[in-house]
Amino acid sequence: MRDTSKRYQPVTGRAILYGVLMIVAAYYLLPLILMILTSVRSMEDIRMGQLIAWPESFSLEAWRQAWSEVQIGARSETGLKPYFINSIKIVIPAVAISTILGALNGYVLSFFKFRGSDFFFAALLLGCFVPFQAILLPQSQLLGWLNLGGTIPGLVLTHVAYGVSFTTLFFRNYYVNLPHELVKAAKLDGAGFWTIFFRIILPISTPILVVTVIWQFTQIWNDFLFGVVFSDPSSQPVTVGLNNMVNSTTGETRYNVDMAGAIIAALPTIIVYVVAGKYFVRGLTAGSVKG
Amino acid sequence: MSVTSKKGLDYWLPKLVLSPTVAIAIIFIYGFIIWTSVISLTDSTILPRYDFVGFEQYVKLFQNPRWLSSLWNLVVFGTLFIGVCMVVGLVLAILLDQQIRAEGALRTVYLYPMALSFIVTGTVWKWLLNPTVGIERFIHNLGWESFQFDWIVNPDMAIYTVVIAGVWQSSGFVMAIFLAGLRGIDTSIIKAAQLDGASLFSVYSRIIIPSMRPVFFSAFIMLAHLAIKSFDLIVALTGGGPGNATDVPAIFMYQFSFQRGRLGIGAASAVIMLMTILAILIPYLYSELRKPKDA
């Protein structure tokens, strides 16, 4: 609502304000626009002109190349496609398991407190902040012992182990603010642990469920460190594939293919952001302000 | 054990449900931190070996010029990254708080880089900053032939390109935190100050910004955490180069542990990284936990 009693503001002031905001918006948008424009140009076009230019040609050839043809490293399957599929195979179970664990933990830590449960919650939060470098060496040992080194299940296990602190934090902070009478009354009526969870708590958990799924999806899809340390060529995620593709030094640099590849790698999280931006922001701020 | 009575089950069930996560915390978080610390006290090379050598690896680490320069790079990068992100984030939040028409759309634009992987950000900025194809070339073609912007290939300046790309990725996030903080302020105080004739500038500098101290604190923690962990962005943007000009502790740790087979010194560097984060975090958590419950 515009406050009419507000002090008189010169029109030029507003114009400058909007001007600054637009220029800043351009700064954030230009790299993305450049990515898109470059990805639809032909190499011929780029060679004749320069990288930062309006397309003289239009083709989706670079996209096809990046998706299924470009040779990345020495592997027999070409293109980003196998990496993209690996990422999907990692993300789906890792997000599902860590979210379910987080919901159950949050439920217990809010409504079924026992001696030491608050202490445990505080102790678990270290997992949100530990620099992963401090756990990489033992984790690679453990995955080796479990015969999971370089495999997709190994990466799923890793992402669950280091994601559960965040998911628990999200659900616990959400549940702790719910009216406790709700659960107390159900307990008096003789409802059990699972009945209360499935009948009362889960149906009102949709907002935090969305926030958590988006947060975990973005984190795991964008992960590079675990992907590069704990995978072998058959299980590498798309971030590692993209990095290898861009940095393979053989032949001429094909900017259009690199840019198409970068968009392919970024597309899932961008779509999530565009579709559910509100929840995305809520997750970011919940992870920080309440952390 | 017979846990047949209803009461018994109710007693054990919550603990049972929590137990996988307790195991995760004990093994993957605390156990592994201890394990890494133990390795840092041994002479492990390619494989962990448990011949203890005291703090020798730490001595070697702090005699290693690459480690020292990676620490210095982190100081330079971290200070600028945190500082610029805070300033840009705060200014954008204040500007957006002036009853802007397209606030939602602008917010979406400012924040989308946060949804991208640092690898994608690094890839794009690598070409933009590359003097032979990117911005420098573009300006040359516009007719300004002497324009020079070759920081990414200049060892003295390359670390600042990491700041540019990092700020592009993370400043919108800081804006979102600050905007949430601004919206949480009691507007009656502001109105009263304005009635007393306070200018917009002094309302912000004397009332609003001081009352957002906790928000500054959490933004600082998040950014410091991002800076200390930063790995992907630098790998994709400069690969740590030119030479070792943009080396940071996370890259040092990765290379010494997984490429050079020097686990002992790699573990020691990881422990130093952890200590740095804890040194920043513990005062923060302490002040958070002391707050009244529904603050």
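To find a chain, count down the sequence lines: A is the first, B the second, and so on, and within it residues start at 1. Here the structure is a predicted model, which is why all the values come from computation and not from measurement.
Ranked by heavy-atom pairs under 4.5 Å with chain B, the list A/Leu29, A/Val130, A/Val240 is led by A/Leu29. When B/Tyr112, B/Phe217, B/Phe118 are compared by the number of non-hydrogen pairs under 4.5 Å with chain A, B/Tyr112 comes out ahead. Annotation: maximal heavy-atom pairing with chain A below 4.5 Å, among B/Ile228, B/Leu263, B/Ile100, occurs at B/Ile100. Comparing B/Ile39, B/Thr276, B/Val235 by how many heavy-atom pairs each has under 4.5 Å with chain A, the most go to B/Val235. In terms of heavy-atom pairs under 4.5 angstrom with chain B, the leader among A/Leu101, A/Leu32, A/Leu124, A/Leu34 is A/Leu32. Of the residues considered (A/Pro131, A/Ser140, A/Ala266, A/Gly102), A/Pro131 shows the highest number of contacts with chain B, using heavy-atom pairs under 4.5 Å. Contact tally against chain A (heavy-atom pairs below 4.5 Å) for B/Thr123, B/Leu47, B/Val88, B/Ile26: the top residue is B/Thr123. Most heavy-atom pairs under 4.5 Å with chain B, from the set A/Ser117, A/Ala123, A/Gly261: that is A/Ala123. Taking chain A as the reference chain and counting heavy-atom pairs below 4.5 Å, the highest number among B/Leu106, B/Val271, B/Asn141 is found for B/Asn141. Among B/Ile221, B/Leu96, B/Val22, the residue with the largest count of heavy-atom pairs under 4.5 Å with chain A is B/Val22. Counting heavy-atom pairs closer than 4.5 Å to chain B, the top residue among A/Tyr162, A/Phe111, A/Phe112 is A/Tyr162.
Counting all heavy atoms, side chain and backbone alike, B/Ala236 lies closest to A/Asn243 at CA-OD1, 3.8 Å. The heavy-atom pair separating A/Tyr28 from B/Val109 by the smallest distance is CB-O, 3.8 Å. The shortest heavy-atom contact between B/Ile164 and A/Tyr27 is O-OH, 3.6 Å. Counting all heavy atoms, side chain and backbone alike, A/Cys128 lies closest to B/His225 at O-CE1, 3.5 Å. Of all heavy-atom pairs between B/Thr36 and A/Ala134, the closest is OG1-O, 2.6 Å. Looking at every heavy atom in both residues, A/Gln133 comes nearest to B/Ala250 through NE2-CB, 3.3 Å.
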Show the numbers, then the answer: is there a side-chain contact (heavy atoms from CB on, under 4.5 Å) between B/Ile33 and A/Leu126? CA-CA 11 Å; B/Ile33 288 173; A/Leu126 179 66; 3.8 Å; yes
Residue pair B/Leu278, A/Phe129: steps toward the side-chain contact (heavy atoms from CB on, under 4.5 Å) verdict: CA-CA 8 Å; B/Leu278 290 183; A/Phe129 290 100; over 6 Å; no
Would A/Asp258 and B/Lys126 count as a side-chain contact (heavy atoms from CB on, under 4.5 Å) if you check the C-alpha gap in whole Å, the side-chain angles of each, and the deciding distance to 0.1 Å? CA-CA 11 Å; A/Asp258 284 359; B/Lys126 181 160 120 162; over 6 Å; no
Test side-chain contact (heavy atoms from CB on, under 4.5 Å) on B/Val17 and A/Trp194; report intermediate values, then the result. CA-CA 11 Å; B/Val17 165; A/Trp194 295 113; 3.9 Å; yes
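Between B/Ile24 and the choices A/Thr168, A/Leu157, A/Val164, the side chain to side chain contact (heavy atoms under 4.5 Å, CB included) rule is met once, by A/Val164.
Side-chain atoms of A/Tyr107 and B/Pro14, non-hydrogen and from C-beta on, never get closer than 4.5 Å to each other. No side-chain heavy atom of A/Thr218 sits less than 4.5 Å from a side-chain heavy atom of B/Met114. Contact check for A/Ser165 versus B/Ile29: side-chain heavy atoms found under the 4.5 Å cut-off. Between B/Phe28 and A/Leu142, some side-chain heavy-atom pair lies under the 4.5 Å cut-off. Counting heavy atoms from C-beta outward, A/Phe120 and B/Thr21 have side chains that approach closer than 4.5 Å. Considering only heavy atoms from C-beta on, B/Leu116 stays 4.5 Å or farther from A/Asn222 through its side chain. Using a 4.5 Å heavy-atom cutoff, the side chains of A/Leu136 and B/Met253 are in contact. Within the 4.5 Å cutoff, no side-chain heavy atoms of B/Trp35 are placed close to those of A/Ile135.
To the nearest 0.5 Å, atoms CH2 (B/Trp127) and CE (A/Met259) are separated by 8.0 Å. Rounding to the nearest 0.5 angstrom, the gap separating the CG atom in A/Leu137 from the OG atom in B/Ser44 is 9.0 Å. In this structure, A/Leu17 CG and B/Gln99 CD are separated by 10.5 Å, a value rounded to the nearest 0.5 Å. A distance of 9.5 Å separates CZ in A/Arg115 from NZ in B/Lys15, rounded to the nearest 0.5 Å. Put simply, CG on B/Leu16 and CG on A/Leu104 are 11.0 Å apart, with the number rounded to the nearest 0.5 Å. Between the CZ atom of A/Phe230 and the CZ atom of B/Phe258 there is a distance of 6.0 Å, given to the nearest 0.5 Å.
Proximity of a side-chain donor or acceptor of A/Thr269 to a complementary backbone N or O of B/Ala115 within less than 3.5 Å is detected. A donor-acceptor pair is defined here as one N or O able to donate and one able to accept, closer than 3.5 Å; no such pair exists between the side chain of B/Tyr254 and the backbone of A/Leu225.
Residues that satisfy the salt bridge (Lys or Arg N to Asp or Glu O under 4.0 Å) test with B/Arg107, not counting sequence neighbours, are B/Glu103. Considering only residues two or more places apart in sequence or on other chains, A/Pro31 meets the side-chain contact (heavy atoms from CB on, under 4.5 Å) condition with B/Val124, B/Trp125, B/Leu128, B/Trp168.
No donor-acceptor contact under 3.5 angstrom links the side chains of A/Tyr273 and B/Thr108, judged on distance only.
With a 6.0 Å radius and a threshold of 12 heavy atoms from other residues, nucleotides or ligands, B/Tyr50 has its OH atom above the threshold. Counting heavy-atom neighbours within 6.0 Å of B/Leu142 CG, excluding the residue itself, gives a total above 12.
With a 4.5 Å cut-off on non-hydrogen atoms, A/Val274 does not touch chain B at all. Proximity to chain A (any heavy atom under 4.5 Å) is shown, for B/Leu274, by both the backbone and the side chain. Looking at A/Ile263, there are no atoms closer than 4.5 Å to chain B (heavy atoms on both sides), in backbone or side chain. Contact of B/Val91 with chain A is not made at all, since no heavy-atom distance falls under 4.5 Å. The parts of B/Ser171 that come within reach of chain A are both its backbone and its side chain, each placing non-hydrogen atoms under 4.5 angstrom from that chain.
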